[in-house]
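What you are looking at is a predicted structure, and each value in this text was computed from that prediction instead of being measured. Note: hydrogens, waters and symmetry copies are ignored here, and every other heavy atom, side chains too, is used.
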Amino acid sequence: MDAMDHGLSAIPRALATEAVHAGREDLAGLGLHAPPIDLSTTYPSYDARAEAARIDEFATTGARLDGPPVYARLDNPTVARFEEALARLEGAEAAVAFASGMAAVTAVLLARASQGLRHVVAVRPLYGCSDHLLDAGLLGTEVTWTDPAGIADAIRPDTGLVMVESPANPTLAEADIRAIAHSCGSVPLLVDNTFATPVLQRPVEQGARIVLHSATKYLGGHGDVMGGVVACDEEFARTLRQVRFATGGVLHPLAGYLLLRGLSTLSVRVRAASSTAAELVRRLVVDPRVARVHYPRIGGAMIAFEVYGEPYDVIAGVRLITPAVSLGSVDTLIQHPASISHRIVAEGDRRSAGVSDRLLRMSVGLEDVEDLWRDLTQALSAPPTGSPRAAAPAVPGRSVAAPGTAGR
């Protein structure tokens, strides 16, 4: 579904425009306005010899089949529309969608391991389950944890991947993607772009070769669909399709439809929520109940902050804000990473990565900023369930003075 295939101008279009039209250019020619949902699990064919040849071709190359799929585990037309659109938004050649973000990470690791490249160099913090998957060696991988400056020295002959998340979950620390990509040499750099989305950054333009999204978050945007997606070059996409076929981590067509629909409002949602988040940051940074605020330089709708009081009291005290895991929804969510999203990470590793026991992570939604602030300030003053602690001064260089000058 290339733009030129449908007589469209080759002039580059703004991301907001691409988000509305990518993956949909052929609809008018089909007499349709909304993308169709293909729920078929199997597809009839009366030519078994031709089907055998097509299956052989896929087994050899991993390329998309010409014509209808043989079976839904190979491909699905609705999911393919979402993949095309996401690849365009990330500026990548291709994208491959999976049943969840963790299924996508798993496929990437298996794809590299299939080439004898089981070693991964990674920078903390990562999403807690990604951290656990690497650290536990559940897929036979071996991980070396390092800071960005140590990446080049950590790379070995069997290193198949360098993995970073920027802004990171949950501290919102940012990595210099371009510098890290240079340090990687010929080893592919994977950037988890879930928090930023292509609205705020496109890692491929900075040298990353693999871009990961938990599509459950901002791409879907409404807290009602689960998925994962990897944007990359076509060569690696072919391997990922083969892994997906063999392991079965396919994205359901209805989820593909919802994710494609979510992309059409992605730019509007992210920018609106980011504006509200920036205002909340301005207020939190001068609030005497807050010890430290983390907010990325590129902006965004995610805020992390550390409180002097008990974080459990804040979680228990919200009424409008939803105390729940996940992020990127139209409603505002808050959670305590040390208790939930990063609980699976060893306590020492958590703390060394900046995930303190008093850190709260908030995903700002589309509510009015005054309503959110009223609820948040009430929760910050919730009656304590434990002994109060004396306030200590914020650590210089780690608090946010204003959006755009945030510490990491």
Side-chain angles (χ1 to χ4, degrees), residues 1 23 38 40-43 45 48-88 90 92-120 130 133-134 137-141 158-163 186-192 204 208-215 226-253 255-256 259:
M1 287 182 285
D38 186 332
S40 297
T41 57
T42 191
Y43 297 82
S45 174
R49 290 186 180 87
E51 292 296 79
R54 293 205 305 150
I55 292 172
D56 287 346
E57 176 70 12
F58 177 82
T60 302
T61 68
R64 276 216 168 97
L65 300 178
D66 290 329
V70 176
Y71 188 54
R73 191 150 39 85
L74 275 84
D75 203 2
N76 173 269
T78 307
V79 172
R81 289 181 180 276
F82 165 65
E83 292 172 331
E84 164 69 16
L86 191 278
R88 293 255 291 275
E90 283 290 3
E93 289 181 357
V96 183
F98 296 87
S100 68
M102 289 310 301
V105 174
T106 297
V108 171
L109 295 175
L110 290 176
R112 299 304 285 159
S114 71
Q115 299 170 351
L117 301 170
R118 296 183 175 276
H119 180 243
V120 178
S130 298
L133 183 63
L134 292 173
L138 293 172
L139 300 177
T141 54
D158 63 337
T159 301
L161 193 69
V162 174
M163 187 170 177
S186 61
V187 177
L189 169 62
L190 179 152
V191 174
D192 187 330
V204 170
R209 289 168 56 186
I210 304 169
V211 180
L212 172 74
H213 286 273
S214 172
M226 183 168 286
V229 63
V230 177
C232 55
D233 59 37
E234 174 60 23
E235 181 181 2
F236 191 57
R238 292 183 176 199
T239 304
L240 289 177
R241 293 186 196 112
Q242 291 176 319
V243 171
R244 182 178 63 182
F245 172 69
T247 58
V250 295
L251 184 69
H252 191 276
L259 290 173

*L134 and L109: side-chain contact (heavy atoms from CB on, under 4.5 Å), yes or no, with the steps?*
CA-CA 9 Å; L134 292 173; L109 295 175; 4.0 Å; yes
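- Proximity of a side-chain donor or acceptor of T41 to a complementary backbone N or O of A72 within less than 3.5 Å is not detected.
- Judged by distance alone, the side chain of R73 and the main-chain N or O of F245 form a donor-acceptor pair under 3.5 Å.
- The OH atom of Y43 lies 10.5 Å from the CG atom of L74; values are rounded to the nearest 0.5 Å.
- Side-chain contact between L189 and R209: absent, with no pair of heavy atoms (C-beta onward) separated by less than 4.5 Å.
- Between E90 atom CD and I210 atom CD1 the span is 13.0 Å, to the nearest 0.5 Å.
- Side-chain contact between S40 and P253 is absent, with no heavy-atom pair separated by less than 4.5 Å.
- One distance of note links CG of L251 with CG of L259; it measures 6.0 Å at 0.5 Å rounding.
- Other residues, nucleotides and ligands contribute at most 12 non-hydrogen atoms within 6.0 Å of the CG atom of D66.
- Considering all non-hydrogen atoms of both residues, A104 and V230 come closest at CB-CG2, 3.8 Å.
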*Does the pair V70 and L65 meet the rule for a side-chain contact (heavy atoms from CB on, under 4.5 Å), with working shown?*
CA-CA 9 Å; V70 176; L65 300 178; 4.1 Å; yes
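- Counting heavy atoms from C-beta on, the side chains of M163 and S130 come closer than 4.5 Å.
- Around CD of E235, the count of heavy atoms belonging to other residues, nucleotides or ligands within 6.0 Å does not exceed 12.
- Put simply, CZ on R112 and CG on L190 are 10.5 Å apart, with the number rounded to the nearest 0.5 Å.
- Other residues, nucleotides and ligands contribute at most 12 non-hydrogen atoms within 6.0 Å of the CE atom of M226.
- How far CZ of F98 is from NE2 of H213: 13.5 Å, rounded to the nearest 0.5 Å.
- E93 contributes no side-chain N or O that, together with a main-chain N or O of A87, makes up a donor-acceptor pair within less than 3.5 Å.
- Among all heavy-atom pairs drawn from A97 and V79, the shortest one is CB-CG1, 3.9 Å.
- Summarising the geometry of A85 relative to G23, their closest heavy-atom pair is CB-N, 4.3 Å, with the distance given to 0.1 Å.
- Using a distance-only test at 3.5 Å, with no hydrogens or angles considered, no donor-acceptor pair links the side chain of R118 to the main chain of D158.
- The two residues V187 and L161 have their closest heavy-atom pair at CG1-N, 3.6 Å.
- Of the possible polar contacts, none joining the N76 side chain to the H252 backbone as a donor-acceptor pair under 3.5 Å is found.
- Taking all atoms of both residues into account, the shortest heavy-atom contact from G101 to L212 is O-CD1, 4.2 Å.
- Atom-to-atom distance recorded for E57:CD and R54:CZ is 10.5 Å, nearest 0.5 angstrom.
- In plain terms, the two heavy atoms of V229 and A95 that are nearest each other are CG2-CB, 4.0 Å.
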